Every structure is written in C-alpha cells, then in structure tokens.
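Contents: one structure, followed by commentary.
Order of listing sets the numbers, starting from 1, for every ligand and every atom in it. Since we're looking at a predicted model, the values are computed, not measured.
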Amino acid sequence: MPRPLFATINLDAMRSNLALARRQARGAKVWAVVKANAYGHGLQRAMRAFADADGLALVELDAAVKLREWGWTKPILLLEGFFEPADLPVAMKHQLQIAIHSAEQLAMLEAGSMPGTLDVHLKMNTGMNRLGFKPEAFQAAHARLRALPFIRNISLATHFANAEVDADNPVPMKEQAGRFHAACDGLTGERSLSNSAACLLHPEMAADWIRPGVMLYGATPGARTAAAFGLRPAMTLSSALIGVQEIAAGDAVGYGSAFVADQSMRIGVVACGYADGYPRHAPAGTPVLVDGIRTRIVGRVSMDMLTVDLTPVPQARVGSTVILWGEGLPIDDVAQAAGTIGYELMCGVMPRVQVIERS
Ligand SMILES: *Cc1c(COP(=O)(O)O)cnc(C)c1O
C-alpha cells in the first residue's frame, strides 16, 4: 500500500473560482495565472479546469510551449517576458505574448529582424520597484516598440504591491493605478492591473483584463477568508494517523523534545513532513483536522512525519483521516499559523505526494 498522503485537486472548485473571478471582473477578460505548475495544482489539469479563461498567464517558457502542445489555442502570456534572444523565435512560433519590462529586453528586440510577429505587454513600474519602466520612461519605450515591424499589439500592464492592505501604506494601490492610467494617456493598448487581491477587494480596478492567480485555487491574500468571498479550496492535503502514543505529564515529543506534555494525553503521528511540503517552521498550535475535528500540531515537524494533539479527538486511532489543509481547514489559516502565505504552501507540495483528481 502506498504511503497514505494525498493532494486531492478539485477541478470543479477551480472552475467555480474562475467563474467567480469573471463575475468580479465586470466584463473584463481573464488571464488565469498558472505559473509554478498552476500554484502546485498541475499545469495540464489547470488548463482543463480553466478552459473558460480568455488566456493563461505564466512565467516558464517550456511550460507555455507545453500548453500549446496540449492544445491550448487561446492567448498565452509570459509575465516575465523573455530572457535571451533565443526565446523570441519560440515565442513567435507558438504565439506567446510576452511582457517587456526592461531596457535590456528592448535592446534585444531591436538587435535583429524576426521571423514572425509578437504581441507584447509593456510593463510599467508604478511603485513596486520590481519589474517595469518608470512612468516617465513609458511613452518612449512604447514608441520604440511601435517602431519595430514585427511587434503587433502592445498591451499595457502594471502590478500592485499592496492590493490586499488598506490605503495606509507606502504604495497605495489607488496611487499606483492613478500613475499607470496617467502615464498611459493617449495609448490605445488593452490594460491589465488586477491580481487576486485587487479582483476581490477592488473590482472597480478591473480594466480590459484581470490577472487572478491564487483566488482561482481557493485561497486569498486578503484580510477576509476565501470562503467569505465564495471561493472553494482547490487542493486538499490529507493523510492518516500511522501511530498513536499515550504519554504522561513530563514526557516529550519528537526532535529536540520541543513539546513537553503538562498532563497525560494521546499523540497522533501523521504521515506528512517537510519533505512533503509541510512547513517545518509551523509552530505548535498550527491547526489540523483529525477525523474532522480541529486540533493542533505539537512538537517539531520532521521529514516524513508530524505529531498532533489527540485530546479533542478521543476516538482517533491508527488509520484516522487527517486533513493538513483544504476542505474543512482553510490553507490560509494553516499558512497564517506557520508564518507564511497560502501561495507558498500550495506551491511547495512535493512530487512524492500522490495526486488525486476530482472533476
Ligand atoms: C503572479 C502574478 C499574478 C497573480 O497574482 P495573485 O496574487 O496570485 O492573484 C498577476 N500578475 C502578475 C504579473 C503576476 O506575476
């Protein structure tokens, strides 16, 4: 029997979350973001679940080519653009749209003639200071792109640094959006700004296209819970108890004896550890479901196992079902307890975890 550890991927939840994103978009078209193997959910699976999206966006060139080979005919967007000139013929051959965010990329485009045409997304740095041209350099970059005969459509894009927090921060999203639209003045390309947080919290920001990612997988970057928005978890990481220990007051559990019982109790041993993608830094108290009842992990997470407090679940025994996150236990709750975000947990599930697909 294989080790009882499963990531169940619910395609219906993904379809339903995409439909919700589309409703939030108020008529804007939807790039479903599928970078990082669809946030750990499987790229090909996501392609099927997101068949209704207007386009798929990611950062990996080889994965974009795979989408074409698997039959995706609608637009594909490379959010970080291209990395070297040799990428350009590949993008042209497969009609991959590419972000142009740097002077270096512009120079590479200008360096040679090209065997086809390209649709590009000119990216503006409106305050995040990661990728993009500054607002004052944007129109000049646009003019240089327009001068290239193989460039077809030029879309206009920016990315928010703080869409999930209130106005009280160094780079408020409304200022970013204001800078973006002002610097795009007179340009005709389609505009995209919104990530999941902006889609959920500021639907009025949707322009021509939105770019939701994490919400499609049923997590939220925002203050409210995913369920409060009507999002459904796409991934459930589940396992089982493979051992139970009865311990007395003063007994310790696991490496470093990080947990010491202050009374007699039962400890459940779960077949899931950091080599499966469960965060090693999750502290005692991180929530977990055993037989559907919410309890907590105790002691250090080890490579292949973690340990849980069975006090609230007296009926639990070897074989009892354990949910690490997903149905019944929001990934955002687990992430918050572990000092990270749902994105990192879902992206980090390791290949040795068996995947079960639910349509
Ligand atoms: C990843 C990414 C997104 C999606 O972000 P979420 O927070 O997952 O919705 C949108 N736009 C760009 C440029 C990205 O890199």
So, D291 and R317, do they make that salt bridge, N to O below 4.0 Å?
no
Which of these, M215, K35, R211, has its nearest heavy atom closest to atom 14 (C) of ligand 1?
K35
What about S196: any of its N or O atoms under 3.5 Å from an N or O on ligand 1?
yes
re atom 12 (C) of ligand 1, the protein heavy-atom contact at minimum distance is H159 CE1, 3.4 Å
Q354 atom CD, over 12 foreign heavy atoms within 6.0 Å:
yes
Nearest-contact summary for atom 7 (O) of ligand 1 - protein heavy atom, Å
Y343 OH, 2.6 Å
Closest to atom 8 (O) of ligand 1 (judged by heavy-atom distance), picking from F160, Y217, Y39
Y39
What I want to know is whether P212 and ligand 1 share at least one N or O pair that is separated by under 3.5 angstrom.
no
Going by the 4.0 angstrom heavy-atom rule, the piece of L79 near ligand 1 is side chain
Judged by modelled atom types alone, do T8 and T236 share a side-chain donor-acceptor pair under 3.5 Å?
no
May I ask you to check if R224 and F229 form a cation-pi contact, with NZ or CZ under 6.0 angstrom from the six-membered ring centre and within 45° of the axis?
yes
Are side-chain N/O atoms of R211 and S192 paired as donor and acceptor at under 3.5 Å?
yes
Does the side chain of R152 come under 3.5 Å of the side chain of Q95 through a donor N or O and an acceptor N or O?
yes
Please compare N195, I210, L216 and report which has the shortest non-hydrogen distance to atom 5 (O) of ligand 1.
N195
